[in-house]
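Heads up: the structure comes next, in structure tokens.
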Amino acid sequence: MNFYKIVRSWFGFKERDDYISASILNYLVNKEYDESELRDIIKGREIAVVGASPQLDKINKIEEDVIIAADGATNYLINIGVIPDIVVTDLDGLQTFHKNPIYVVLAHGDNISLLPKVKEMDKVIPNSQVMPFGRLKLYGGFTDGDRAVVLAKYMGARKIRLYAMDFESGIIGKYSKPYYKRDVPASMIKRKKLEIARMIIEQVLNYDE
Ligand SMILES: Nc1ncnc2c1ncn2[C@@H]1O[C@H](COP(=O)(O)OP(=O)(O)OP(=O)(O)O)[C@@H](O)[C@H]1O
Ligand SMILES: Nc1nc2c(c(=O)[nH]1)N=C(CO)CN2
Ligand SMILES: [Mg+2]
């Protein structure tokens with residue numbers, strides 16, 4: 001049984017809905033964006049992965065060469081004039097669609113209504129969490145933050161540094177969702193999602209070829 005079947009059983013997600021969402025995303029993203037540009041940007045470089053924890057608006061400097069922003073964190077970074085090179089998103093946090101970043105967009109059963117947002121983007125690599133088909137890719141990971149770490153590792157990052165990733169406090173940063181006015185306590189579901197994210201990141205960062 002593969003990872004996504006297990007995770008879907010934990011959350012009660014339906015594979016059929018994930019397939020429907022993936023088919024719509026594959027249809028909407030009608031121009032193939034060459035993933036070799038992702039590799040060219042990441043391979044051998046120092047990567048900052050920026051999450052949406054409450055520490056996000058305490059960031060005033062990012063030293064790394066390349067910035068991968070996780071969904072809602074993008075809104076804050078663009079507000080302070082920092083344009084991410086890559087955005088990893090399932091579209092439920094993102095409010096600003098800068099033309100520069102490469103958007104790595106996940107389709108799943110609970111963001112079907114948000115998929116048309118990809119029409120605001122120039123460079124899109126569509127992702128699924130079911131067996132990929134058409135232009136879809138599946139790099140691995142679950143939440144936007146750990147998917148960003150998995151992508152960086154897979155594409156050959158020399159170093160990965162986490163910013164505004166907080167899996168302990170149980171508080172969700174206000175930049176996680178555009179309609180949050182302040183940091184909020186994590187729901188049970190969100191706690192489970194962040195626990196999965198923490199485990200994936202721990203495995204990826206402790207894994208050496
Ligand atoms: N304390 C935190 N609050 C919010 N995001 C966090 C936190 N710590 C780490 N993150 C990472 O930042 C990312 C922010 O993206 P976002 O808030 O859109 O979450 P998500 O993965 O899409 O989950 P959801 O399905 O709840 O939207 C998360 O995916 C998560 O991996
Ligand atoms: N079906 C479904 N899949 C997901 C969901 C979600 O809410 N529903 N949230 C994710 C990011 O946290 C990743 N995958
Ligand atoms: Mg999201």
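Indexing begins at 1, ligand by ligand and atom by atom, following the structure's order. Nothing fancy with the numbering, it's 1 onward along the sequence. These numbers come from a predicted model, not from an experiment. Both backbone and side-chain heavy atoms feed into the values below; hydrogens, waters and symmetry mates do not.
In plain terms, the two heavy atoms of Ala152 and Ile47 that are nearest each other are CB-CG2, 4.2 Å. Taking all atoms of both residues into account, the shortest heavy-atom contact from Arg45 to Asp40 is NH1-O, 4.2 Å.
The contact set between ligand 1 and Ile172, taken as ligand atoms under 4.0 Å from a residue heavy atom, comprises 3 (N), 4 (C). Short contacts between ligand 2 and Gly109, defined as distances under 4.0 Å to a heavy atom of the residue, involve ligand atoms 1 (N). Listed by number with element, the atoms of ligand 1 under 4.0 angstrom from any heavy atom of Gly173 are 3 (N), 4 (C). Ligand-side atoms of ligand 1 in range of Lys177: 16 (P), 17 (O), 18 (O), 24 (P), 26 (O), 27 (O), range being under 4.0 angstrom from any heavy atom. Residue Gly51 approaches ligand 1 through these ligand atoms, each under 4.0 Å from one of its heavy atoms: 12 (O). Near Asp18, meaning under 4.0 Å from any of its heavy atoms, are these atoms of ligand 2: 1 (N).
With a 4.0 Å heavy-atom cut-off, ligand 2 is reached by no atom of Asp17. Contacts of Asp90 with ligand 1, taken as heavy-atom pairs under 4.0 Å, involve the side chain alone. At a 4.0 Å heavy-atom cut-off, ligand 1 touches Asp92 through the side chain alone. Contact annotation: for Thr89 versus ligand 1, there are no heavy atoms closer than 4.0 Å. Within the 4.0 Å heavy-atom criterion, the part of Asp71 lying near ligand 1 is the side chain and not the backbone.
When only non-hydrogen protein atoms are considered, atom 8 (N) of ligand 1 lies nearest to Asp166 N, 3.0 Å. The shortest contact between atom 13 (C) of ligand 2 and any protein heavy atom is with Phe142 O, 3.3 Å. Of the protein's heavy atoms, Asp144 OD2, 3.5 Å lies nearest to atom 20 (P) of ligand 1. When hydrogens are left out, the protein atom nearest atom 9 (N) of ligand 2 is Lys193 NZ, 3.2 Å; that is the closest non-hydrogen contact. Closest to atom 1 (N) of ligand 1 among all protein heavy atoms lies Ile171 O, 2.9 Å. Looking from atom 26 (O) of ligand 1 to the surrounding protein, the closest heavy atom is Lys190 NZ, 2.7 Å. The protein atom (non-hydrogen) at minimum distance from atom 31 (O) of ligand 1 is Thr143 OG1, 2.8 Å. In terms of protein heavy atoms, atom 17 (O) of ligand 1 is closest to Ser176 OG, 2.5 Å. Counting protein heavy atoms only, atom 11 (C) of ligand 1 is closest to Met165 SD, 3.6 Å. Nearest protein heavy-atom neighbour of atom 13 (C) of ligand 1: Ala70 CB, 3.8 Å.
Looking at Ser23, its side chain does come within 3.5 Å of a backbone N or O of Tyr19 through a donor-acceptor pair. Side chain of Lys137 to main chain of Ser128: no donor-acceptor pair is present (N/O by atom type, distance under 3.5 Å, no hydrogens or angles). Not one N or O on the side chain of Asp18 forms a donor-acceptor pair closer than 3.5 Å with the backbone of His108. A distance-only check finds no donor-acceptor pair linking the side chain of Asp183 to the backbone of Pro54 [under 3.5 Å]. No side-chain donor-acceptor contact under 3.5 Å links Lys190 to the backbone of Pro185.
In this structure, Arg135 CZ and Leu28 CG are separated by 10.0 Å, a value rounded to the nearest 0.5 Å. Note that NZ of Lys58 is 8.5 Å distant from OG of Ser53, once rounded to the nearest 0.5 Å. Here Asp166 contributes atom CG and Ile172 contributes atom CD1; the two are 8.0 Å apart, rounded to the nearest 0.5 Å. Annotation: the span from Lys174 atom NZ to Tyr76 atom OH amounts to 8.5 Å, rounded to 0.5 Å.
Taking the Mg ion (ligand 3) as the corner point, the angle from Asp90 atom OD1 to Asp92 atom OD1 is about 80° (rounded to 10 degrees).
Of the charged side-chain nitrogens involved, at least one lies within less than 4.0 Å of a carboxylate oxygen, so that Glu202 and Arg198 count as a salt-bridged pair.
Distances between N or O atoms of Asp144 and those of ligand 2 include no value under 3.5 Å. Between Gln129 and ligand 2, an N or O atom pair is found at a separation short of 3.5 Å. For Ala164, no nitrogen or oxygen atom sits less than 3.5 Å from a nitrogen or oxygen atom of ligand 1, counting backbone and side chain alike.
Within the 4.5 Å cutoff, side-chain heavy atoms of Glu35 are placed close to those of Tyr139. With contacts defined as side-chain heavy-atom distances shorter than 4.5 Å, the pair Asp92/Asn111 does not qualify.
Judged by the shortest distance from any of its heavy atoms, Ala73 lies outside the 4.0 Å radius around the atoms of ligand 1. Heavy atoms of Arg147 stay at 4.0 angstrom or farther from ligand 1.
If you check each of Asp146, Asp110, Ile196, Thr89 against atom 1 (N) of ligand 2, the one with the closest non-hydrogen atom is Asp110. The heavy atom nearest to atom 12 (O) of ligand 1, considering only Ala52, Gly145, Pro54, is found in Ala52. Selection from Asp90, Leu194, Asn111 by nearest heavy atom to atom 10 (C) of ligand 2 gives Asp90.
In the model, Gln95 has no side-chain atom that pairs as donor or acceptor with a side-chain atom of Asn75 under 3.5 Å.
The 12-atom threshold is exceeded at CE of Met199, counting heavy atoms of other residues, nucleotides or ligands nearer than 6.0 Å.
With respect to the Mg ion (ligand 3), Asp144 has OD2 as its nearest N, O or S atom. Summary: OD2 is the N/O/S atom of Asp71 found nearest to the Mg ion (ligand 3).
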May I have the step-by-step check of salt bridge (Lys or Arg N to Asp or Glu O under 4.0 Å) for Arg161 and Glu46, ending in yes or no? CA-CA 8 Å; Arg161 182 171 165 198; Glu46 300 201 350; over 6 Å; no
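Taking the ring axis of Phe97 as reference, the NZ or CZ atom of Lys117 does not stay both within 45° of it and closer than 6.0 Å to the ring centre.
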